[in-house]
Amino acid sequence: MKKHRKGEGKTVLITGASNGFGMEFAKLFAKDGYNLILVARSTNRMKALAYSLQDAYKLEKVCVVTSDLSRIESPQKIYNEVKKTGLTVDVLVNNAGSGHFGYFYKTPLQRELDIIQLNATSLMQLTKLFLKDMKQRNEGKILNLGSVASFSPTPLQAIYGATKAYILSFSEALANELKDTNITVTTLCPGASNTDFFHKAHGATTRVANGPLSEPEEVARDGYKAMMKGELKVISGAMNKAQVDLTRVSSDAAMATTMQKMDKEME
């Protein structure tokens with residue numbers, strides 16, 4: 001008799017799915033039998049991942065949507081494209097995000113506007129669109145990618161930290177609004193991790209990028225488990241939990257000083 005998998009007949013949409021956490025999420029959902037809708041800018045990488053997972057886990061359907069979520073029109077276009085497939089999004093994983101290191105008065109404005117759109121506004125738009133459908137069915141799960149930066153000021157990553165604080169506040173508010181439904185909202189808060197984030201954010205020579213790093217598969221697994229249990233949030237990694245605990249007993253000014261030391265370039 002064929003073993004039933006928990007995601008059989010269900011579909012997950014994952015943004016930022018071509019590498020890092022997104023790729024690891026895709027593996028976890030595929031293993032449990034979920035149909036995959038993968039969203040990112042890298043079409044070829046997503047196709048290779050999607051079809052390899054489809055073959056490995058005998059998935060009924062995989063779908064690749066090429067989109068740049070730093071553009072304001074992208075969330076609606078993604079939603080419209082998903083509707084055309086006839087698939088129902090049972091789980092939404094808002095994983096896509098980016099940052100930029102440097103003093104705010106020096107960093108490029110357009111880059112920061114793109115980060116706000118990608119990290120915060122597009123996440124909100126996608127959540128709005130797919131949550132309405134979930135609410136009609138009274139069923140669904142949403143996983144939003146926060147950060148340990150959600151809990152304290154982040155000098156030299158001022159815009160990134162602000163968007164991550166937004167994500168945590170937004171997600172916890174939604175979770176409360178939905179507490180009497182069968183829809184859950186979970187925030188995953190990792191620390192520095194072994195992905196290409198630092199390279200893309202021009203932060204490869206910073207102290208934080210060259211310190212202890214979490215592995216993306218471990219972070220994704222923590223988020224996946226917490227989401228499946230319907231938990232409000234999860235901080236991935238013992239060291240990161242200790243850092244967040246420190247924010248509860250330290251002033252914002254003290255935490256800002258600590259974070260700036262971590263975000264500076266190595267001497």
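A salt bridge links E24 with K27; the closest basic N to acidic carboxylate O contact falls under 4.0 Å.
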Do K164 and L145 pass the side chain to side chain contact (heavy atoms under 4.5 Å, CB included) test, and can you show the C-alpha distance, the side-chain angles, and the key distance before you say yes or no? CA-CA 8 Å; K164 292 300 179 178; L145 193 72; 4.2 Å; yes

For I78 and L129: C-alpha separation, side-chain torsions, deciding distance, then whether side chain to side chain contact (heavy atoms under 4.5 Å, CB included) applies. CA-CA 10 Å; I78 291 167; L129 291 165; over 6 Å; no

Between F25 and L143, does the side chain to side chain contact (heavy atoms under 4.5 Å, CB included) criterion hold? Intermediate values first, please. CA-CA 11 Å; F25 281 127; L143 179 66; 3.6 Å; yes

Taking it one step at a time, do I142 and N94 satisfy side chain to side chain contact (heavy atoms under 4.5 Å, CB included)? CA-CA 8 Å; I142 298 170; N94 284 310; 4.3 Å; yes

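Side-chain contact between D133 and K83: present, with at least one pair of heavy atoms (C-beta onward) separated by less than 4.5 Å. Contact of the C189 side chain with the V244 side chain is not registered, since no non-hydrogen atoms from C-beta on lie closer than 4.5 Å. A 4.5 Å side-chain heavy-atom check between K77 and S67 finds every atom pair outside the cut-off. Under the 4.5 Å side-chain criterion, counting only non-hydrogen atoms from C-beta, T121 is in contact with I116. In this structure, the side chains of V234 and K225 stay at 4.5 Å or more apart for every pair of heavy atoms. Using a 4.5 Å heavy-atom threshold, the side chains of M124 and T127 count as separate. In this structure the side chain of T181 reaches within 4.5 angstrom of the side chain of K135, judged on heavy atoms. Side-chain contact check for Y34 versus T11: every heavy-atom pair is 4.5 Å or farther apart.
Linking Ile, Leu, Val, Met, Phe, Trp and Tyr residues whenever their side-chain heavy atoms come within less than 4.5 Å places L92 and I167 in a single cluster. Linking ILVMFWY side-chain heavy atoms closer than 4.5 Å, directly or via other members, places V64 and L36 in a single hydrophobic cluster. Linking ILVMFWY side-chain heavy atoms closer than 4.5 Å, directly or via other members, places L126 and L118 in a single hydrophobic cluster. Note on L232: it does not cluster hydrophobically with V185, by side-chain heavy-atom contacts below 4.5 Å among ILVMFWY residues. Taken together through direct or relayed side-chain contacts under 4.5 Å among Ile, Leu, Val, Met, Phe, Trp and Tyr, M23 and L59 form part of one hydrophobic cluster.
Side-chain N or O atoms of T15 include one that pairs as donor or acceptor with a backbone N or O of N95 at under 3.5 Å. The backbone N or O of A204 lies less than 3.5 Å from a partner atom in the side chain of N210, making a donor-acceptor pair. No donor-acceptor pair under 3.5 Å is formed between the side chain of K61 and the backbone N or O of G9. With T186 contributing its side chain and E231 its backbone, the two residues share a donor-acceptor pair below 3.5 Å. With R45 contributing its side chain and A40 its backbone, the two residues share no donor-acceptor pair below 3.5 Å. No donor-acceptor pair under 3.5 Å is formed between the side chain of T247 and the backbone N or O of Q243. One N or O on the side chain of N138 and one on the backbone of N182 form a donor-acceptor pair closer than 3.5 Å. Distance alone, capped at 3.5 Å, places no donor-acceptor pair between the N144 side chain and the T187 backbone. Not a single donor-acceptor pair under 3.5 Å links the side chain of D252 to the backbone N or O of S152. The main-chain N or O of G99 is found under 3.5 Å from a side-chain atom of R111 such that the two form a donor-acceptor pair.
With sequence neighbours excluded, the residues that form a ring pair (Phe, Tyr, Trp, His ring centres under 6.0 Å) with F170 are Y166. For Y224, the ring pair (Phe, Tyr, Trp, His ring centres under 6.0 Å) criterion is met by F29, not counting sequence neighbours.
Here I235 contributes atom CD1 and S150 contributes atom OG; the two are 9.0 Å apart, rounded to the nearest 0.5 Å. A distance of 7.0 Å separates NZ in K200 from OG in S98, rounded to the nearest 0.5 Å. Distance check: L123 CG to T163 OG1 gives 9.5 Å after rounding to the nearest 0.5 Å. Here the CD1-NZ distance, from I183 to K141, works out to 10.5 Å after rounding to the nearest 0.5 Å. With values rounded to the nearest 0.5 angstrom, T43 atom OG1 is found 11.5 Å from L38 atom CG. Distance check, rounded to the nearest 0.5 Å: CZ of R207 to CG of D263 gives 11.0 Å.
Across G191 and S193, no two heavy atoms sit closer than the pair O-OG, 3.0 Å. In this structure, I14 and A17 approach most closely via the heavy-atom pair O-CB, 3.5 Å. Residues P190 and L188 come closest through the heavy atom pair CD-O, 3.3 Å. Closest non-hydrogen pair, S236 versus D222, comes out as OG-OD2, 2.7 Å. Here the closest heavy-atom approach between residue P153 and residue M259 is recorded as O-CG, 3.4 Å. Minimum heavy-atom separation, D90 to M134: O-CE, 3.7 Å.
At a cut-off of 3.5 Å, with distance as the only test, no side-chain donor of S70 or Q117 sits close to an acceptor on the other residue. Residues E172 and N176 bring no donor and acceptor atom of their side chains to less than 3.5 Å of each other. A donor and an acceptor atom, one from each side chain of T107 and E112, are located under 3.5 Å apart. If you check the side chains of Q125 and E73, you find no donor sitting under 3.5 Å from an acceptor.
Of the candidates F198, F197, F101, F197 is the only one forming a ring-ring contact (aromatic ring centres under 6.0 Å, His included) with Y160.
Atom CE of M228 sits in a crowded spot, with more than 12 heavy atoms from other residues, nucleotides or ligands closer than 6.0 Å. Atom CG of L246 has more than 12 neighbouring heavy atoms from other residues, nucleotides or ligands inside a 6.0 Å radius. More than 12 heavy atoms of other residues, nucleotides or ligands shown are found within 6.0 angstrom of CD on Q260. Within a 6.0 Å radius of CZ in R71, other residues, nucleotides and ligands contribute 12 heavy atoms or fewer.
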